[in-house]
Protein chains: 2
Amino acid sequence: MMPAHSRPTSKDVAAAAGVSQSTVSMVLSGKWPGRVSEATAQNVRDAAQRLGYRPNPAARNLRLGRTRTIMLVVPAITAPFFAAVYTGAAKVAVENGFSLVVFPWPLEADGPFSGPQEAIDGMLASSMGENSLAGMRRPVPLVMVDSDPEGPAPTVNFDVAGAIGDIVAHLRGLGHTRIGHLAADINVWTFRSRALRLAEQVPELVTGRAAISIAAGFETALRLLSSPDRPTALVCDDDTLAAGAHKAARHLGLDVPGDVSITGFDDLYLAEALELTTVRLPAERMGELAMAHLMDVLEGRPAEPALLPAELVLRRSTGAPGRR
Amino acid sequence: MMPAHSRPTSKDVAAAAGVSQSTVSMVLSGKWPGRVSEATAQNVRDAAQRLGYRPNPAARNLRLGRTRTIMLVVPAITAPFFAAVYTGAAKVAVENGFSLVVFPWPLEADGPFSGPQEAIDGMLASSMGENSLAGMRRPVPLVMVDSDPEGPAPTVNFDVAGAIGDIVAHLRGLGHTRIGHLAADINVWTFRSRALRLAEQVPELVTGRAAISIAAGFETALRLLSSPDRPTALVCDDDTLAAGAHKAARHLGLDVPGDVSITGFDDLYLAEALELTTVRLPAERMGELAMAHLMDVLEGRPAEPALLPAELVLRRSTGAPGRR
DNA sequence: CTGAAAGCGCTTACAG
DNA sequence: CTGAAAGCGCTTACAG
């Protein structure tokens, strides 16, 4: 007989089904075929259903020495990209009975990672530098998002080379011959990779660096756009930087896109409001896939690195150069 | 002797300190005074320190019938306001040894709440309607953010009346006599409350409703600004709506702020990019305070409802009417 | 094909 | 002031 106001346990299910606790466990964990008869199994499932049985995670964790907890390491959950990664990852985690905790690890923290590594079963990381990764004490299962595919862990990335190729093709198609790069001043793979691809395809590239903020983007863009042979198009590593560039153009009395075209990355609300041409990153999908991969790794299933396409969204911030 | 590669347990600490497991537990949980001698206590603490002992949460949870898990119920973690609430709440949760899981509950879901209510020790909710709250099956400790202070749970709010008062004073000071309200078309307390306060202070108020998106804000603002005696200032419930209004003004050839002033709520990147006058909401601080309150409730400590000031940030989207 | 028993690591009555 | 023991709810050898 189970107490009035508490949840049923596997013992209650066993009593209701007229079998032992072990049998309940076997059946409900799906390891019964060949060990329990079909009739008994059905019996157990019915009883569990009827009582509304749900296994106690604390007991299972204690027994198995696992926590069913995944840690997501991102610079800041308030950045929309990482919030979207979180959303996708949390969805898949919950579906698999895992919980997801966020550990903030600022981009600037380039030293060895020093977050808690006990009490978690696996880790999802985004935008983590090599030096930080070196801080991992024990080999905790790890999947990385938007990170070096040559690195130590499987990755889920968007197609950086493809996205840069699309931007350059778009700008070249409009007739641009002087392209500038407003680069994020952060030493992580994704930005290094964007710079590399861009340099490969744009021999005349001029580059300015800025921290990721509207104010910093504004300052650096001001400088880039004040030079005598100023670029006619500015490829920005981020919508926030693009917003800064947009403001700088207005400040200099330059028309967008008549005098200067501007592109961003992310597709934030910002991009919609300023009508920025930008690369829409599949952040939520990356989170989902990364967590699915981690689940595969934890189950010992093979996991292939994933590469998702990113769509170039055309808006009013790009056009033919010298239009006015 | 503890195994080479596993974490030390309270048994190991007991052995190292030459006492029993019970004594270790007493000391480390801080319930020892009057039951264990100071010398023994110090001895235990030293041993725990030396071995790097950290209690196994699964075992503690199983024993105590708790989960040390808090559920945060918000419409979407991708919205910067809720992401910031999460950040603040998670910080305080971690400091207290709790983990925080997010359960998405869309604003449109006006029916009784049907998320998991077992396996959590407490709940933090934001922007949840009365009908949803009615779905709570058992009296799980609850603290609400940005919600009706007359409601069933303690709240942590920003000062809506004060913020609306600041906006109106600012606009009146500039000389505006026809003020419009671009209202969020969502039936939750915070927006009802903003509308109410605004109506109290602005007799001539005209109101248009829109879903929270740039596109919907654009459409509704277009309508409001096309009327013969159009408002000279538009108070928007949200920066996203304000961005839509900004776009609508540009579309109609109206100067901002010369022909129409615009204010928002939140202070998103968007607001900085468009140079919007807006109310900066203390979202992260609200998350921190709400979680601290929940910790108080769980410990049986008294918890006062909190009301935080919100700052009106003046930018270029507001000015004297009829300037051009 | 099924069950009885042990044990994961903690906390707390209970005994002394 | 301190310890031995029970038990939270699971899973998994082991026995039959």
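Quick caveat: nothing in here was measured; it's all calculated off a predicted structure. Within every chain, numbering begins at 1; the chains are lettered A, B, ... in the order of the sequence lines, protein sequences first and strands thereafter. Scope of the values below: all heavy atoms of this structure, side chains included, with no hydrogens, waters or symmetry mates.
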Would you mind listing every side chain to side chain donor-acceptor pair (under 3.5 Å) that reaches into residues 38-50 of chain B, with sequence neighbours excluded? B/Ser37-B/Thr40, B/Glu38-B/Arg45, B/Gln42-B/Arg45, B/Gln42-B/Asp46
side-chain contact (heavy atoms from CB on, under 4.5 Å) involving A/Pro104 - partner list, sequence neighbours excluded: none
What is the distance, to the nearest angstrom, from the CG atom on A/Asp12 to the C1' atom on D/dC8? 13 Å
List, one per line, each side-chain donor-acceptor pair under 3.5 Å for residues 70-93 of chain A, sequence neighbours excluded.
| from | atom 1 | to | atom 2 | distance (Å) |
| --- | --- | --- | --- | --- |
| A/Thr87 | OG1 | A/Ala83 | O | 2.9 |
| A/Lys91 | NZ | A/Glu288 | OE2 | 3.0 |

Contacts of B/Pro149 that satisfy side-chain contact (heavy atoms from CB on, under 4.5 Å) - sequence neighbours left out: B/Thr155, B/Asn157, B/Trp189
Under 3.5 Å, which protein N or O atoms sit close to an N or O of nucleotides 10-12 of chain C? Give each pair with its distance.
| from | atom 1 | to | atom 2 | distance (Å) |
| --- | --- | --- | --- | --- |
| C/dC10 | OP1 | B/Tyr53 | OH | 2.7 |
| C/dC10 | OP1 | B/Asn56 | N | 3.0 |
| C/dC10 | OP2 | B/Ser10 | N | 2.5 |
| C/dC10 | OP2 | B/Ser10 | OG | 2.9 |
| C/dT11 | OP1 | B/Arg60 | NE | 3.1 |
| C/dT11 | OP1 | B/Arg60 | NH2 | 3.1 |
| C/dT11 | OP2 | B/Ser25 | OG | 2.9 |
| C/dT11 | O2 | B/Arg63 | NH1 | 2.1 |
| C/dT12 | OP2 | B/Lys31 | NZ | 3.1 |
| C/dT12 | O4' | B/Arg63 | NH2 | 3.3 |

Which pairs count as salt bridge (Lys or Arg N to Asp or Glu O under 4.0 Å) when at least one residue sits in residues 298-307 of chain B, sequence neighbours excluded? B/Asp296-B/Arg301
Stem ranges of DNA chain C by first residue number, counting only runs of at least 3 Watson-Crick or G-U pairs under 3.5 Å, come to C:1-3 with D:14-16, C:5-12 with D:5-12, C:14-16 with D:1-3
Rounded to whole Å, CG of A/Leu62 lies from P of D/dG9 at a distance of 12 Å
According to side-chain contact (heavy atoms from CB on, under 4.5 Å), who are the partners of A/Pro106, at least two apart in sequence or on a separate chain? A/Glu108, A/Ala109
For residues 56-65 of chain B, dump all side-chain donor-acceptor pairs below 3.5 Å to protein atoms at least two apart in sequence or in another chain.
| from | atom 1 | to | atom 2 | distance (Å) |
| --- | --- | --- | --- | --- |
| B/Asn56 | OD1 | B/Ala58 | N | 2.8 |
| B/Asn56 | OD1 | B/Ala59 | N | 3.1 |
| B/Asn61 | ND2 | B/Pro57 | O | 3.3 |
| B/Asn61 | ND2 | B/Thr67 | O | 3.4 |

Answer yes or no: are there more than 12 heavy-atom neighbours, outside B/Arg66 itself, under 6.0 Å from its atom CZ? no
